[in-house]
Amino acid sequence: MSIVFKDVSKTYLHKGKEINALRLTNLTINAGEIFGLIGFSGAGKSTLLRLINLLEAPSSGTIHVGDDEVTALNQKDLRVKRQKIGMIFQQFNLIESKTVADNIAFVLRAAKYPKAEIDGRIDELLELVGLSEKKTVFPKNLSGGQKQRVGIARALANNPDVLLSDEATSALDPETTKTILNLLKRINKELGITIVVITHEMEVIKELAERVGVMSNGEIIEMDDVYKIFSEPSHEVTKGFVQDIYDFQIPPHIVQAEDNKIITIKFLQESAEESYLNKLYREFDLSISILNGRIEYINGIPLGILMLQVTGDPSEIDRLIRNITETPGIERAEIYE
Ligand SMILES: Nc1ncnc2c1ncn2[C@@H]1O[C@H](COP(=O)(O)OP(=O)(O)OP(=O)(O)O)[C@@H](O)[C@H]1O
């Protein structure tokens, strides 16, 4: 189910002062995609997410989820619509005094799910999230990752079309984070649910999202395929977020001089690093050594980064830089130098 924002703004009133938390002229999140939103604290991510199920009402503009304009629904219809928009949270938000099964049963009952089918539905959901053996356990006896699996099962209980994830892995260790992100990916594929993820961690975006919007000061300042954002960020804030993958330490004994330059190259998509390097060795009268290199996989597509030290005649170095610029699929990562 798609989500469409038109001319939306959100202003909070805090101690008599207006806070402009969000301004979105146009945003379409496509049906069935995993859309990520990244930004620093206070950028407006939670506000945007909470507008989708109208936990917050916009100050102006319209929001459609599927065919429904949620901003125009009455309270009763909104309650029904919300059952089709699941949400998971950083702190899991489980009811501590209820077992895993009862935490899920709670939302099924609220949606008037047929009583006789509730138990079977819980089994189905627990199997989906890999937690069948924990049905009668209380949340305090679960690990963080298991708690989030319950959170996911609960969010999926009423067969939603949309799943909103509010920093769902921020309280988890990196290994557990991976397993939860994989589960979300599988749910998206198998059930075709549109997933909107907000996070302050680029790693989450890299592992999970297909498209990403970068937020700053209540606006989406850059939005594109995740690969494009990582390989060719344009806004300074975006560059800051993706910088980690380009961050090579220059060895301390290396001194840059006129006849001695450090050049970092990006190899986009399938471009062959090895054959390009061979070409450089062959065609340029320069001494070229590799200082560092790595390949990142973003949505399964490789992005290679290579740091070279080239020594020789400055005009020959310039020729090499021109060659890098002119070769398709290869770019200089000059912004990081
Ligand atoms: N209920 C509220 N009352 C007043 N101001 C609010 C309220 N909720 C959010 N804000 C303000 O709106 C702006 C956007 O906040 P929001 O929580 O959407 O950002 P965020 O990117 O999700 O940040 P975080 O990652 O810290 O949750 C901030 O300046 C925040 O202080």
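These numbers come from a predicted model, not from an experiment. What's counted below: heavy atoms across the whole structure, side chains too, no hydrogens, waters or symmetry copies.
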CA sep, side-chain torsions, deciding dist, call: Glu117, Tyr113, side chain to side chain contact (heavy atoms under 4.5 Å, CB included): CA-CA 7 Å; Glu117 293 169 27; Tyr113 205 83; 3.9 Å; yes
Begin with the C-alpha distance, continue with both residues' side-chain angles, and end with the deciding distance and a verdict on side chain to side chain contact (heavy atoms under 4.5 Å, CB included) for Thr62 and Val8. CA-CA 6 Å; Thr62 60; Val8 168; 5.8 Å; no
Would Glu33 and Thr194 satisfy side-chain hydrogen bond (donor to acceptor under 3.5 Å, both in side chains), going step by step from the backbone distance to the final call? CA-CA 5 Å; Glu33 79 170 328; Thr194 310; over 6 Å; no
Glu190 vs Arg186, salt bridge (Lys or Arg N to Asp or Glu O under 4.0 Å): CA-CA, chis, key distance, verdict: CA-CA 6 Å; Glu190 287 177 11; Arg186 184 156 66 80; 3.7 Å; yes
Should Phe284 and Arg319 be marked as a side chain to side chain contact (heavy atoms under 4.5 Å, CB included) after you check the CA-CA gap, both sets of side-chain angles, and the distance that decides it? CA-CA 8 Å; Phe284 291 87; Arg319 194 165 76 84; 3.6 Å; yes
Assess the residue pair Leu320 and Leu280 against the criterion (side chain to side chain contact (heavy atoms under 4.5 Å, CB included)); give the C-alpha distance rounded to whole Å, side-chain angles, the decisive distance to 0.1 Å, and a yes or no. CA-CA 8 Å; Leu320 181 140; Leu280 293 188; 4.1 Å; yes
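The two residues Thr71 and Gly61 come nearest to each other via the heavy atoms CG2-O, 4.2 Å. Nearest heavy atom pair, residue Ile180 against residue Gly145, reads CD1-O, 3.6 Å. Nearest heavy-atom pair across Lys84 and Asn159 is NZ-O, 3.3 Å. For the residue pair Leu51 and Ala57, the shortest heavy atom distance occurs at CD2-C, 3.6 Å. A pairwise comparison of heavy atoms in Val65 and Val70 identifies CG2-CG1, 3.9 Å as the closest pair. The minimum heavy-atom distance linking His200 with Gly39 is given by the pair CB-O, 3.8 Å.
Note: Leu22 CG to Glu56 CD = 10.5 Å, rounded to the nearest 0.5 Å. Expressed to the nearest 0.5 Å, how far CD1 of Ile298 lies from CG of Leu303 amounts to 4.5 Å. Distance CD/Gln148 to OG1/Thr177: 10.0 Å, rounded to 0.5 Å. Atom CG of Asn278 sits about 6.5 Å away from atom CZ of Arg282, to the nearest 0.5 Å. In this structure, CG in Leu37 is found 10.0 Å from CZ in Arg211, a value given to the nearest 0.5 Å. Here Lys10 contributes atom NZ and Arg50 contributes atom CZ; the two are 9.5 Å apart, rounded to the nearest 0.5 Å.
Not a single donor-acceptor pair under 3.5 Å links the side chain of Arg23 to the backbone N or O of Gly218. Proximity of a side-chain donor or acceptor of Thr238 to a complementary backbone N or O of Ser234 within less than 3.5 Å is not detected. Side chain of Thr199 to backbone of Glu167: no donor-acceptor contact under 3.5 angstrom is found. Distance alone, capped at 3.5 Å, places no donor-acceptor pair between the Gln90 side chain and the Thr169 backbone. Using modelled atom types, no side-chain atom of Glu69 and backbone atom of His64 make a donor-acceptor pair closer than 3.5 Å. Using a distance-only test at 3.5 Å, with no hydrogens or angles considered, a donor-acceptor pair links the side chain of Arg82 to the main chain of Asn53. Judged by distance alone, with hydrogens and angles left aside, the side-chain atoms of Lys261 form no donor-acceptor pair with the main-chain N or O of Pro314 at under 3.5 Å. A donor-acceptor contact shorter than 3.5 Å is absent between the side chain of Glu316 and the backbone of Leu286. Under a 3.5 Å cut-off, the side chain of Tyr227 and the backbone N or O of Pro302 do form a donor-acceptor pair. Here the side chain of Asn292 pairs no donor or acceptor atom with the backbone of Met307 at under 3.5 angstrom.
Within a 6.0 Å radius of NZ in Lys6, other residues, nucleotides and ligands contribute 12 heavy atoms or fewer. Around the CG atom of Asp68, the shell of radius 6.0 Å holds more than 12 heavy atoms that belong to other residues, nucleotides or ligands. Other residues, nucleotides and ligands place no more than 12 heavy atoms under 6.0 Å from the CG atom of Asp67. Remark: Asn74 CG is packed, more than 12 non-hydrogen atoms of other residues, nucleotides or ligands lying under 6.0 Å away. Applying the 6.0 Å contact sphere to CZ of Phe89 captures more than 12 heavy atoms from other residues, nucleotides or ligands.
Side-chain atoms of Phe5 and Ile52, non-hydrogen and from C-beta on, do get closer than 4.5 Å to each other. Counting heavy atoms from C-beta on, the side chains of Ser216 and Ile221 come closer than 4.5 Å. A 4.5 Å side-chain heavy-atom check between Ile63 and Pro58 finds at least one atom pair inside the cut-off. No side-chain heavy atom of Leu308 sits less than 4.5 Å from a side-chain heavy atom of Ile262. No side-chain heavy atom of Asp225 sits under 4.5 Å from any side-chain heavy atom of Glu210. When side chains are defined from C-beta on, Ile3 does not count as touching Phe35, because their heavy atoms never get closer than 4.5 Å. Side-chain contact between Leu164 and Ile88 is absent, with no heavy-atom pair separated by less than 4.5 Å. Taking the side chain as every heavy atom from C-beta outward, Leu172 and Thr179 never approach each other to under 4.5 Å.
Placement of Leu183 and Leu94 within a single hydrophobic cluster is found when ILVMFWY residues are connected by side-chain heavy-atom separations under 4.5 Å, directly or transitively. Hydrophobic clustering places Leu191 together with Ile104 (ILVMFWY residues linked when any side-chain heavy atoms are closer than 4.5 Å, directly or through intermediates). In the hydrophobic clustering of ILVMFWY residues, with side-chain heavy atoms under 4.5 Å counting as a link, Leu156 and Ile34 come out together. No single ILVMFWY cluster, assembled from side-chain heavy atoms under 4.5 Å apart, contains both Ile295 and Ile263.
Shown here are the salt bridge (charged side-chain N to carboxylate O under 4.0 Å, His left out) partners of Asp173, two or more places apart in sequence or in another chain: there are none. Among residues two or more places apart in sequence or in another chain, the salt bridge (charged side-chain N to carboxylate O under 4.0 Å, His left out) test is passed with Glu232 by Lys228.
Between the side chains of Asn158 and Arg121, no donor N or O sits under 3.5 Å from an acceptor N or O. A donor atom on one side chain and an acceptor atom on the other are not found under 3.5 Å apart for Asn103 and Thr99. For the residue pair Ser59 / Tyr12, no side-chain donor-acceptor distance below 3.5 Å is found, with atom types taken as modelled. Side chains of Ser60 and Ser9: a donor on one and an acceptor on the other come within 3.5 Å.
Of the residues Val214, Ile38, Asn217, the one that meets the side chain to side chain contact (heavy atoms under 4.5 Å, CB included) test with Val237 is Val214.
The pair Lys206-Glu201 does not count as a salt bridge, with every side-chain nitrogen at least 4.0 angstrom from each carboxylate oxygen.
With ring centers used as reference points, Phe241 lies 6.0 Å or more from Phe230.
Sorted by first and then second residue, the side chain to side chain donor-acceptor pair (under 3.5 Å) pairs involving residues 127-139 (not counting sequence neighbours) are Asp119-Lys135, Asp123-Lys135.
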